[in-house]
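Predicted model, so just to flag it, every value in this text is computed and none were measured.
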Amino acid sequence: MKLNGLHLKIIALILMFTEHFGRYLGEILPNHFPLYLEYAGRIVAPIFFFLAVESYFKTSNRRQYIIRLYVWALIMQVGNFIISQIVQTAYQPEHFFPVGQNIFLSIAVGVSMVAAFEWGRAQIGLKKWSGFALTGLLAFASLLTEASYNGLAMLIVFYFFYNKKTVLYFAYAGLCILFFLWGLTNLEYFWEFEFQWMMIAALPFIILYNGERGRYSLKYLFYAFYPLHIWILYFIRHAIGLNKL
């Protein structure tokens, strides 16, 4: 069985929705169930970053692709602020927290880093070092986004081993092992918080990827679904008063 890009996106979309359902409406689910959804959700970000690198190499217009990522990151950021303000004003929750997710920004900064690196590598003299300096600056900036060091590490693996699939698989597995070892340093919270190593579950899906886009792109459906489902779940949480339980 092989999976194309559309298959991977649908898998990521379903797991992303269930994870966020558990995060925002977990109190109505059986005990520990939201945590299990978090575990399964570790598959999502690797698929997103893997496909982002695929898109970077296969798009006909890299500049347009990067601009599109930043546009959606801006839409997400503005929407997060607006929906948070509406909820705070309308429901005045006892334990208020604004919407903070924005994977678009993590991917946009990461792909920009790759573009800066490639540009710098193709230059000579001062331009080369300027490109590498910009690469370092963007790498640091990526640490300040939602995906942080996880996203940066994954993107580096997926980019540098793009044409070396077997090496990529082992490098990604090694990255997950490093996360596992890091989690062991905090055994008290290992199962509740230090479970990034469960990203290893994304590896079979990456291995099964056949390099094809799929029959349908549905590009903007996936772009729109990410912010909309988060905003809706966030609104429902406060509308039914879960923050007051």
Problem - Linked, directly or transitively: Leu178 and Phe49 (ILVMFWY side chains, under 4.5 Å) - result: no

Exercise for the section: State whether Tyr162 and Lys165 meet the cation-pi test: NZ (Lys) or CZ (Arg) under 6.0 Å from the six-membered ring centroid, and within 45° of the perpendicular axis. Expected result: yes

Practice task
For this output row, return yes or no: ring centroids of Tyr91 and Phe235 closer than 6.0 angstrom.
Solution key: yes

Problem - Exceeds 12 heavy-atom contacts within 6.0 angstrom, atom NZ of Lys127 - result: no

Problem - Ring center gap for Phe158 and Phe50 short of 6.0 angstrom - result: yes

Problem - same_hphob_cluster(Leu181, Met198) at 4.5 Å side-chain heavy-atom cutoff - result: yes

Problem - Phe48 ring center near Phe104 ring center (under 6.0 Å) - result: no

Exercise for the section: Can you label the angle between the His32 ring and the Tyr36 ring as parallel, tilted or perpendicular, going by 30° and 60°? Expected result: tilted

Practice task
Please confirm whether the backbone N or O of Glu38 pairs with a side-chain atom of Glu19, one donor and one acceptor, at under 3.5 Å?
Solution key: no

Handout entry: Polar side chain donor-acceptor pair, Gln101 to Tyr226, under 3.5 angstrom
Key = no

Exercise for the section: Say whether Trp182 and Tyr39 are linked into one hydrophobic cluster, either directly or through other cluster members, by side-chain heavy-atom distances under 4.5 angstrom. Expected result: no

Exercise for the section: Could you tell me whether the side chain of Lys128 and the main chain of Arg121 form a donor-acceptor pair under 3.5 Å? Expected result: yes

Practice task
Say whether Val114 and Phe57 are linked into one hydrophobic cluster, either directly or through other cluster members, by side-chain heavy-atom distances under 4.5 angstrom.
Solution key: yes

Problem - In one Ile/Leu/Val/Met/Phe/Trp/Tyr side-chain cluster, 4.5 Å: Val167, Tyr169 - result: yes

Fill in the blank from the handout: Here the gap from Leu143 atom CG to Ser106 atom OG, rounded to the nearest 0.5 Å, amounts to 10.0 Å

Problem - Arg42 to Phe195 six-membered ring, cation-pi geometry met (6.0 Å, 45°) - result: no

Practice task
Taking the six-membered ring for Trp and the single ring otherwise, decide whether the centroids of Phe180 and Phe190 are under 6.0 Å apart.
Solution key: yes

Problem - Side-chain donor/acceptor of Arg237 to backbone N/O of Tyr24, under 3.5 Å - result: yes

Problem - Single hit among Phe140, Phe117, Trp119 for side chain to side chain contact (heavy atoms under 4.5 Å, CB included) with Thr135 - result: Phe117

Problem - Non-hydrogen atoms of Pro30 and Pro34 that approach each other most closely - result: O-CD, 3.5 Å

Exercise for the section: In plain terms, say whether Glu212 and Lys58 are close enough for a salt bridge, that is, a side-chain N and a carboxylate O under 4.0 Å apart. Expected result: no

Handout entry: Polar contact flag, side-chain donor to acceptor under 3.5 angstrom, Ser142-Tyr149
Key = no

Exercise for the section: Would you kindly say whether Gln77 and Asn102 are connected by a side-chain donor-acceptor distance under 3.5 Å? Expected result: yes

Exercise for the section: Quick one: closest heavy-atom pair of Pro227 and Met76, and the distance? Expected result: CB-SD, 3.2 Å

Problem - Side-chain heavy-atom pair Tyr223, Arg68 within 4.5 angstrom cut-off - result: yes

Handout entry: Side chain to side chain, Leu105 and Leu74, heavy atoms closer than 4.5 Å
Key = no

Practice task
Using a 4.5 Å cut-off on heavy atoms from C-beta on, say whether the side chain of Phe21 contacts that of Ile28.
Solution key: yes

Handout entry: Ile124 atom CD1: more than 12 heavy-atom contacts under 6.0 Å
Key = no

Problem - Side-chain donor or acceptor of Ser148 paired with backbone N/O of Thr145 under 3.5 Å - result: no

